[in-house]
Enquirer: 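Next up is a structure, given as structure tokens.
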Amino acid sequence: MRVVILFGPPGIGKGTVGNILSKKWNMPLISMGDLLRDNVKNATSAGLKAEAYMRKGELVPDDVVFEALSERIKQQDATDGILLDGFPRNINQARMLESLFGHNDKIILLNLVASMETLIERLSLRRICISCGAVYHLKNIPPKKDGICDICNGKLIQRNDDTPEVISRRLAVFHKETEPLIKYYDEKHTAIKISAEGGPDDIIRRIEGTNLWE
Ligand code: AMP
């Protein structure tokens, strides 16, 4: 079992890069934010617990996210490997993740880094499809028709937490609660730092240029 954690602040491009790698490596991309948003949309018990935290840009309690993840990885497509976007977000969640796998399973952290200006620009120009979740960037990955998804013709919207105030809150939460994870995986020698400046192709090229599994 191979577990790749796509790690980095909101707006770094984890979803975009993850979708490309998922197809190339034939591993499902599990986005914790999407899983939670689905739970909120379907008003599940996890969704009801998560909603208020998400609206404020705060982390949802660990047991709620862990429950959603444990259910997801029971599915057929997740037996050989998974790409994780947005999990783990703290050390407790990293330990929870290890508890799901054995000693022979490899967990790698891809640490994506970019400047603050790049992040804020990517988040403010991000639009997502309300129907299929596809992600656009008004400048770098624009839809063919304004406000309409290329894939399913769904309506493109701005996430309600992609506003300037909530963006700075989310970046602050990332630095405080999530950065210690880099140290945690560094000490295990399973963290790899990748520059996420430039377009998706540049980032993928850099990832494929590393010896991930050695
Ligand atoms: P994202 O789409 O990854 O930016 O996540 C959106 C929101 O979902 C975050 O601001 C948190 O409220 C919540 N969330 C996503 N992943 C996690 C996680 N691993 N732990 C706690 N909360 C999470």
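Since this is a predicted model, take the numbers as computed values, not measurements. Excluded from the calculations below are hydrogen atoms, water molecules and symmetry mates; all remaining heavy atoms, backbone and side chain alike, are included. In listed order, ligands and their atoms are each counted from 1.
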Enquirer: Counting only heavy atoms not in D202, do more than 12 fall under 6.0 Å of its CG?
Expert: yes
Enquirer: Determine whether the aromatic ring centres of residues F87 and F7 are separated by less than 6.0 angstrom.
Expert: no
Enquirer: Heavy-atom count check: over 12 atoms from other residues, nucleotides or ligands less than 6.0 Å from K49 NZ?
Expert: yes
Enquirer: More than 12 non-hydrogen atoms from neighbouring residues, nucleotides or ligands closer than 6.0 Å to CG on N42, yes or no?
Expert: yes
Enquirer: Can a donor-acceptor pair be found, under 3.5 Å and without considering hydrogens, that links the side chain of N26 to the backbone of S22?
Expert: no
Enquirer: Any salt bridge between K183 and D186, counting N to O under 4.0 Å?
Expert: no
Enquirer: Distances only, to 0.1 Å: what are the N or O pairs between ligand 1 and the protein that fall under 3.5 Å?
Expert:
| unit_1 | atom_1 | unit_2 | atom_2 | d |
| --- | --- | --- | --- | --- |
| ligand 1 | 2 (O) | R37 | NH1 | 3.1 |
| ligand 1 | 2 (O) | R37 | NH2 | 3.1 |
| ligand 1 | 2 (O) | R159 | NH1 | 3.2 |
| ligand 1 | 2 (O) | R159 | NH2 | 3.3 |
| ligand 1 | 3 (O) | R89 | NH1 | 3.1 |
| ligand 1 | 3 (O) | R89 | NH2 | 3.3 |
| ligand 1 | 4 (O) | R159 | NH2 | 3.1 |
| ligand 1 | 4 (O) | R170 | NH2 | 3.3 |
| ligand 1 | 12 (O) | E58 | O | 2.6 |
| ligand 1 | 16 (N) | G86 | O | 3.3 |
| ligand 1 | 16 (N) | R89 | NH1 | 2.9 |
| ligand 1 | 19 (N) | G86 | O | 2.8 |
| ligand 1 | 19 (N) | Q93 | OE1 | 3.0 |
| ligand 1 | 20 (N) | Q93 | NE2 | 2.9 |
| ligand 1 | 22 (N) | V60 | N | 3.0 |

